[in-house]
Visitor: 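Please find one structure pasted underneath; my questions will follow.
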Amino acid sequence: MVLMNVLANALRNIVNAERRGKRQVLIRPSSKVIVKFLETMMKHGYIGEFEIIDDRRGGKIVVELTGRVNKCGVISPRFDVKLPDIERWVQDLLPSRLFGYLVLTTSLGIMDHEEARRKKTGGKILGFFY
């Protein structure tokens with residue numbers, strides 16, 4: 001079986017482990033995009049620490065769960081999002097304006113929608129979590 005979307009698989013593993021009440025989850029294979037997405041989630045307190053294990057193959061990531069993730073997912077295809085359109089995407093994807101984050105990949109790196117607004121940049125939408 002061929003893995004089509006590594007990020008979608010990783011986020012699905014996190015949601016399933018949270019729903020089962022697990023304390024940690026193993027994500028494989030690893031990628032730089034997954035690591036940046038997890039750093040954004042950790043910055044906002046949705047997950048605990050995570051450890052990257054280099055097994056000289058695809059790599060693995062062990063994520064400590066805190067029980068705060070209700071849902072996270074990938075938006076495919078990665079739509080272009082201009083600065084004025086961020087608000088529309090927030091309304092469509094998140095349950096509330098004050099709750100949850102969109103993750104964008106911009107020319108300044110991978111960041112959440114609030115940081116993209118502060119830096120006045122648009123980009124492509126990767127996913128969301130709340």
Side-chain angles (χ1 to χ4, degrees):
M1 187 172 99
V2 179
L3 206 57
M4 298 304 278
N5 191 339
V6 178
L7 181 61
N9 189 35
L11 296 181
R12 178 58 40 208
N13 284 346
I14 290 174
V15 169
N16 288 342
E18 283 277 12
R19 288 184 180 153
R20 295 272 306 157
K22 305 281 188 190
R23 301 306 313 149
Q24 57 181 207
V25 63
L26 178 71
I27 296 172
R28 50 174 287 273
S30 172
S31 76
K32 289 190 274 187
V33 174
I34 292 174
V35 170
K36 292 291 187 186
F37 200 103
L38 291 177
E39 283 175 359
T40 305
M41 289 177 78
M42 189 172 69
K43 184 175 77 176
H44 295 291
Y46 280 83
I47 61 172
E49 298 289 318
F50 62 90
E51 179 183 356
I52 302 167
I53 302 167
D54 182 23
D55 60 357
R56 302 214 180 244
R57 290 179 186 85
K60 297 176 186 171
I61 303 174
V62 177
V63 181
E64 301 291 328
L65 301 176
T66 58
R68 281 200 59 203
V69 177
N70 294 316
K71 187 170 184 184
C72 58
V74 171
I75 303 302
S76 181
R78 293 180 177 172
F79 291 106
D80 291 332
V81 180
K82 296 177 181 162
L83 189 59
D85 296 340
I86 291 176
E87 187 60 37
R88 184 180 63 85
W89 281 95
V90 168
Q91 288 176 358
D92 289 347
L93 293 173
L94 301 179
S96 167
R97 293 182 65 212
L98 304 172
F99 189 64
Y101 297 92
L102 295 180
V103 180
L104 306 171
T105 177
T106 68
S107 57
L108 303 175
I110 294 176
M111 61 187 75
D112 61 81
H113 70 278
E114 292 176 350
E115 188 177 350
R117 269 200 207 122
R118 282 195 302 273
K119 293 185 177 180
K120 294 183 172 43
T121 183
K124 291 186 180 289
I125 187 164
L126 280 181
F128 62 93
F129 60 92
Y130 56 87

Visitor: Any chain of hydrophobic side-chain contacts (each under 4.5 Å) joining Val63 to Tyr46?
Guide: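 Yes, Val63 and Tyr46 fall within the same hydrophobic cluster.
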Visitor: Go through the steps to decide whether Phe79 and Lys124 satisfy the test side chain to side chain contact (heavy atoms under 4.5 Å, CB included), and finish with yes or no.
Guide: CA-CA 5 Å; Phe79 291 106; Lys124 291 186 180 289; over 6 Å; no
Visitor: Return the minimal non-hydrogen interatomic distance between Ile27 and Ala10, and the atom names on each side.
Guide: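 For Ile27 and Ala10, the tightest heavy-atom pair comes out as CG2-CB, 3.4 Å.
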Visitor: Examine Met4 and Val33 and state if one hydrophobic cluster contains both, with Ile, Leu, Val, Met, Phe, Trp and Tyr joined whenever side-chain heavy atoms are less than 4.5 Å apart.
Guide: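 In one cluster with Met4: Val33, no.
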Visitor: Restricting to non-hydrogen atoms, name the atom on Val90 and the atom on His113 that form the minimum distance, rounded to 0.1 Å.
Guide: CG2-CD2, 3.6 Å
Visitor: Do Val35 and Lys32 touch side chain to side chain, with heavy atoms closer than 4.5 Å?
Guide: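 They are not in side-chain contact.
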Visitor: Kindly compute the distance separating CG (Leu104) from CZ (Phe128), expressed to the nearest 0.5 Å.
Guide: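 Going from CG on Leu104 over to CZ on Phe128, the span is 13.0 Å.
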Visitor: Taking atom CD1 of Ile86 and atom CG of Leu102, what is their separation to the nearest 0.5 Å?
Guide: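 Taking CD1 in Ile86 and CG in Leu102, the distance rounds to 8.0 Å.
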Visitor: So, taking the atom named CE in Met41 and the one named OH in Tyr130, what distance separates them when rounded to the nearest 0.5 Å?
Guide: 12.0 Å
Visitor: Grouping I, L, V, M, F, W and Y whenever their side-chain heavy atoms are under 4.5 Å apart, do Met111 and Phe37 come out in a common cluster?
Guide: no
Visitor: Which atom pair, heavy atoms only, marks the closest approach of Gly122 to Thr106?
Guide: O-CG2, 3.2 Å
Visitor: Apply salt bridge (Lys or Arg N to Asp or Glu O under 4.0 Å) to residues Glu18 and Lys22 and explain how you reach the verdict.
Guide: CA-CA 6 Å; Glu18 283 277 12; Lys22 305 281 188 190; over 6 Å; no
Visitor: Would you confirm whether Thr40, through its side chain, and Lys36, through its main-chain N or O, come within 3.5 Å as a donor-acceptor pair?
Guide: yes
Visitor: At what distance, to the nearest 0.5 angstrom, does CD of Glu64 lie from CD of Gln24?
Guide: 4.5 Å
Visitor: Could Glu51 and Lys60 be called an ion pair, given the rule that one side-chain N must be under 4.0 Å from one carboxylate O?
Guide: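 Answer for the salt bridge query: no.
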Visitor: Would a distance-only check, ignoring hydrogens and angles, find a side-chain to backbone donor-acceptor pair under 3.5 Å from Arg23 to Leu65?
Guide: yes
Visitor: Show your reasoning for whether side chain to side chain contact (heavy atoms under 4.5 Å, CB included) applies to Phe50 and Glu39.
Guide: CA-CA 9 Å; Phe50 62 90; Glu39 283 175 359; 3.7 Å; yes
Visitor: So do the side chains of Asn70 and Arg19 get within less than 4.5 Å of each other, counting heavy atoms only?
Guide: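 SC-SC contact between Asn70 and Arg19 ruled out.
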Visitor: Mind checking side-chain contact (heavy atoms from CB on, under 4.5 Å) for Asn16 and listing every partner two or more places apart, or none if nothing turns up?
Guide: Arg12
Visitor: How is the hydrophobic cluster of Val62 composed, in terms of its other members, when Ile, Leu, Val, Met, Phe, Trp and Tyr link through side-chain heavy atoms under 4.5 Å apart, directly or indirectly?
Guide: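 Listed partners: Leu26, Ile53.
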Visitor: If we check side-chain contact (heavy atoms from CB on, under 4.5 Å) with Ile75, which of these qualifies: Val103, Asp92, Ile125?
Guide: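 Between Ile75 and the candidates, side-chain contact (heavy atoms from CB on, under 4.5 Å) is satisfied uniquely by Ile125.
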Visitor: Name the one of Val6, Leu7, Asn13, Asn5 that satisfies side-chain contact (heavy atoms from CB on, under 4.5 Å) with Asn9?
Guide: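 With Asn9 as partner, Val6, Leu7, Asn13, Asn5 yield a single side-chain contact (heavy atoms from CB on, under 4.5 Å), made by Asn13.
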Visitor: Let me confirm one number: the CD-OG1 distance from Glu49 to Thr66, rounded to the nearest 0.5 Å.
Guide: 11.5 Å
Visitor: In this structure, would Val81 and Leu108 fall into the same cluster of hydrophobic residues linked by side-chain contacts under 4.5 Å?
Guide: no
Visitor: List the atom of Ala116, the atom of Leu83, and the distance in Å for their closest heavy-atom pair.
Guide: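 Heavy atoms of Ala116 and Leu83 come nearest at O-CD1, 4.1 Å.
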Visitor: Can we say Asp55 and Arg28 salt-bridge, meaning some charged N sits less than 4.0 Å from an Asp/Glu carboxylate O?
Guide: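 No, Asp55 and Arg28 are not salt-bridged.
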Visitor: How many angstroms lie between atom CD1 of Ile47 and atom CZ of Phe129, to the nearest 0.5 angstrom?
Guide: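 Reported value, rounded in 0.5 Å steps: 8.5 Å.
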Visitor: Evaluate the criterion side chain to side chain contact (heavy atoms under 4.5 Å, CB included) for residue pair Arg97 and Glu87; output intermediate values, then yes/no.
Guide: CA-CA 9 Å; Arg97 293 182 65 212; Glu87 187 60 37; 3.1 Å; yes
Visitor: Closest approach of Ser30 and Ile52, non-hydrogen atoms and distance?
Guide: OG-CG2, 4.5 Å
Visitor: Closest approach of Pro29 and Leu3, non-hydrogen atoms and distance?
Guide: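 Closest pair (atom of Pro29, atom of Leu3, distance): CD-CD2, 3.4 Å.
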Visitor: Would Glu114 and Tyr101 count as a side chain to side chain contact (heavy atoms under 4.5 Å, CB included) if you check the C-alpha gap in whole Å, the side-chain angles of each, and the deciding distance to 0.1 Å?
Guide: CA-CA 8 Å; Glu114 292 176 350; Tyr101 297 92; 3.4 Å; yes
